[in-house]
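Here the structure comes first, spelled out in structure tokens, and everything after it is commentary.
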Amino acid sequence: MKIADYQCIIDELEVVISDTKTLMVRFEATDFDETMSDDYLALHKLYTRMVEEQRRYTQEMLVAEE
């Protein structure tokens with residue numbers, strides 16, 4: 001992959017991370033994190049997985065630049 005490809009993926013992951021984080025905050029503000037705990041947990045897992053993926057692609061991009 002080219003550096004631009006990595007950057008595009010990293011940027012798209014950032015959108016998902018940001019949107020998920022916003023939704024989690026809304027869940028917490030409306031106490032849905034308690035009443036819909038399974039859904040909230042799924043959001044947390046998605047957030048965690050996207051952050052890990054973003055970190056992985058960033059590391060791969062840095063190696064590709066060398």
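Side chains are part of it too, since the values below use all heavy atoms of this structure and drop only hydrogens, waters and symmetry mates.
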Qualifying side chain to side chain donor-acceptor pair (under 3.5 Å) pairs, either residue in residues 21-41, two or more places apart
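Non-adjacent pairs meeting side chain to side chain donor-acceptor pair (under 3.5 Å): Glu28-Tyr40.
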Distance-only donor-acceptor hits, side chain of residues 9-20, under 3.5 Å, sequence neighbours excluded:
unit_1, atom_1, unit_2, atom_2, d
Asp11, OD1, Gln7, NE2, 2.8
Glu14, OE1, Gln54, NE2, 2.9
Thr20, OG1, Val16, O, 2.7

Between atom [atom1] of [X] and atom [atom2] of [Y], what is the distance when rounded to the nearest 0.5 Å?
X     : Y     : atom1 : atom2 : result
Leu43 : Thr48 : CG    : OG1   : 10.5 Å
Gln59 : Tyr6  : CD    : OH    : 11.5 Å
Lys2  : Cys8  : NZ    : SG    : 13.0 Å

Can you get from Met36 to Met24 by hopping between Ile, Leu, Val, Met, Phe, Trp and Tyr side chains that sit under 4.5 Å apart?
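Yes, Met36 and Met24 fall within the same hydrophobic cluster.
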Verify same cluster id: Met1, Met61 (apolar side-chain graph, 4.5 Å):
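Met1 clusters together with Met61.
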Any side-chain heavy atom of Leu62 within less than 4.5 Å of one from Glu65?
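Yes, their side chains come closer than 4.5 Å.
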Check this for me: does any side-chain nitrogen of one of Glu60 and Arg56 sit under 4.0 Å from a carboxylate oxygen of the other?
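Salt bridge between Glu60 and Arg56, a charged N being under 4.0 Å from a carboxylate O: yes.
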